[in-house]
There are 2 protein chains.
Amino acid sequence: MARQARALATRQAVLLAAAEVFDERGYAAATMSEILDRAGVTKGALYFHFHSKEELALAVIEGQGAWIASWEPSSDSPMQTLIDLAYAFAHALQEDPLVRGSIRLTIEHGSFTQPQIAAYQGWMDLVRELLQRARDAGELHPGIDLAAASGVITGAVTGIQLSSQVLADRRDLIQRIAHLWTLLLPGLVQPHALARLSVAERAAS
Amino acid sequence: MARQARALATRQAVLLAAAEVFDERGYAAATMSEILDRAGVTKGALYFHFHSKEELALAVIEGQGAWIASWEPSSDSPMQTLIDLAYAFAHALQEDPLVRGSIRLTIEHGSFTQPQIAAYQGWMDLVRELLQRARDAGELHPGIDLAAASGVITGAVTGIQLSSQVLADRRDLIQRIAHLWTLLLPGLVQPHALARLSVAERAAS
DNA sequence: GATAGAATACCTACTGGACGGTATGCGCCC
DNA sequence: GGGCGCATACCGTCCAGTAGGTATTCTATC
């Protein structure tokens with residue numbers, strides 16, 4: 001382990017640089033040279049750790065799963081947890097290059113289809129599970145289609161994130177998420193539950 | 001006009017082929033050769049009509065504006081018109097290659113930023129105007145922020161379209177749009193108006 | 001309504017550069 | 001001293017764009 005300390009550092013540097021470049025340019029327009037330069041690493045070093053551009057991209061996409069796995073649900077009501085998740089994700093999109101790059105690669109379709117679908121599915125599963133718990137807690141309207149609702153929520157967050165990125169470099173992302181929840185919750189949760197939810201972002205725990 | 005008949009045909013063929021390839025591959029991964037082949041046209045012909053790859057892409061993006069301009073609002077309530085617009089757009093995404101390519105180029109950011117923002121803005125303006133009329137007609141909840149709502153709606157449609165594309169090649173797009181409206185309308189319109197709206201797709205006029 | 005000639009529309013062959021990937025070699029730590 | 005981690009130089013390919021020539025169609029003049 002110790003002898004790999006340097007190796008691990010360069011690997012991380014490459015991964016970070018790759019995520020940044022993929023985020024800014026997209027997969028096809030990203031060049032290995034730019035990743036090299038930004039990581040401050042030579043070609044030999046990069047290709048020692050990642051055998052191809054595609055493998056590198058897949059490693060970046062993995063970052064998404066890592067973020068989901070590392071996310072800790074608040075000990076609040078399921079619905080409130082879902083709301084908080086959206087804000088936590090929004091902040092990750094603003095600050096964590098790996099998440100940013102990962103999302104862009106997931107959204108761009110063409111080369112990878114398989115892992116992209118898996119990444120999407122990871123999100124939908126998480127949202128759906130929270131919705132399920134919200135239903136069990138009696139927060140949701142009766143008759144809500146959980147699969148449909150989780151599809152709408154993930155899709156809407158995806159799109160809102162995207163338009164915020166194109167129009168304002170994600171600076172207004174938090175606000176837009178707030179607007180989304182404001183409009184979406186009345187169709188989702190029962191009035192008594194709605195009254196107890198804080199739609200705006202809450203202070204980080 | 002008559003003397004340009006042939007020229008116009010090839011120009012259209014190129015534009016169509018370009019839209020298809022851009023839709024399938026994205027801007028950077030799209031090659032002029034593939035566009036050439038698919039259009040059944042030679043390089044000289046293409047470069048006579050479009051002087052660069054970028055110019056070609058911009059021409060495709062224009063298709064979006066053309067679609068908006070050619071769209072005719074139904075003579076129904078403003079809110080119903082907005083709902084119908086989403087379905088009409090969904091069908092265009094399923095069937096009209098120019099719209100498909102146009103959307104992908106708009107969503108991919110990087111090279112064009114300026115025209116992309118304009119395209120986005122066109123959509124938001126249209127949605128906002130319909131919302132304004134809906135408010136004037138007393139359909140909306142009081143206190144709805146029109147700018148915020150139009151941002152949420154366009155963003156949500158964008159993202160839902162995208163996830164439908166990645167996950168199911170847009171086959172379930174109509175359904176997903178229906179789910180979106182089902183969840184979104186209660187937070188947007190007043191109960192008496194909601195009762196009069198048909199959320200599902202209506203037969204084409 | 002034929003003819004010249006001038007645009008217009010298109011074709012083919014080519015070029016320079018950039019890109020992803022590789023081969024080979026060298027130092028440094030266990 | 002052996003393999004892990006990295007450096008450098010190089011290769012083949014592909015791509016956007018161009019140069020220069022050719023066909024096609026319109027216009028003008030008779």
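Below, chains carry the letters A, B, ... as their sequence lines are ordered, and counting in each starts from 1. Heavy atoms only: backbone and side chains are in, while hydrogens, waters and symmetry mates are out.
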Just list the side-chain donor-acceptor pairs under 3.5 Å for residues 59-73 of chain B, sequence neighbours left out, or say none.
from	atom 1	to	atom 2	distance (Å)
B:Q64	OE1	B:W123	NE1	2.9
B:Q64	NE2	B:S102	OG	2.6
B:Q64	NE2	B:T106	OG1	2.7
B:S70	OG	B:W67	O	3.1

- request: List in chain and number order the residues that pass side-chain contact (heavy atoms from CB on, under 4.5 Å) with A:A57, two or more places apart in sequence or in another chain; answer none if no residue qualifies.
  value: A:F22, A:Y27, A:L105, A:F112
Identify every side-chain donor-acceptor pair in residues 124-133 of chain B under 3.5 Å, counting partners at least two apart or on other chains, and give the distances.
from	atom 1	to	atom 2	distance (Å)
B:E129	OE2	B:R133	NH2	2.9
B:Q132	NE2	B:D136	OD1	3.4

message: Whole angstroms only, please: what is the CZ-C1' distance between A:F48 and C:dG25?
response: 15 Å
task: Scan nucleotides 11-24 of chain D nucleotide by nucleotide, 5' to 3', and note B when protein non-hydrogen atoms come under 4.0 Å of the base, S if they reach only the sugar-phosphate, - if neither.
output: ----SBBB-----S
message: Rounded to whole Å, how long is the line connecting atom CD of A:E55 with atom P of C:dG20?
response: 15 Å
- prompt: For A:E34 and C:dA18, what is the distance between atoms CD and P respectively, to the nearest whole Å?
  reply: 14 Å
Donor-acceptor contacts under 3.5 Å from residues 145-155 of chain A side chains, at least two apart:
from	atom 1	to	atom 2	distance (Å)
A:D145	OD1	A:A147	N	3.1
A:D145	OD1	A:A148	N	3.1
A:S150	OG	A:L146	O	3.1
A:S150	OG	A:A147	O	2.9
A:T154	OG1	A:S150	O	2.9
A:T154	OG1	A:G151	O	3.2

- prompt: Can you list every pair that meets salt bridge (charged side-chain N to carboxylate O under 4.0 Å, His left out) and has a residue in residues 78-101 of chain A, with sequence neighbours left out?
  reply: A:D23-A:R100, A:D84-A:R202
- prompt: B:Q94: what forms a side chain to side chain donor-acceptor pair (under 3.5 Å) with it, not counting sequence neighbours?
  reply: none
statement: note: A:F50, atom CZ; D:dC6, atom C1'; distance rounded to Å ~ 15 Å
message: Holding to side chain to side chain donor-acceptor pair (under 3.5 Å), I want the full list of residues that pass it with B:R176, two or more places apart in sequence or in another chain.
response: B:D172
statement: When rounded to the nearest 0.5 Å, the distance separating CD of A:E55 from OH of A:Y47 is 10.5 Å
task: Please report how far the helix from C:dG1-D:dC30 to C:dC30-D:dG1 bends, comparing the axis fitted to its first five pairs with the axis fitted to its last five, to the nearest 10 degrees.
output: 20°
Separation of C:dC19 P from A:L46 CG (nearest whole Å): 14 Å
query: Under 4.0 Å between a side-chain N or O of B:T10 and OP1 or OP2 of C:dC10?
result: yes
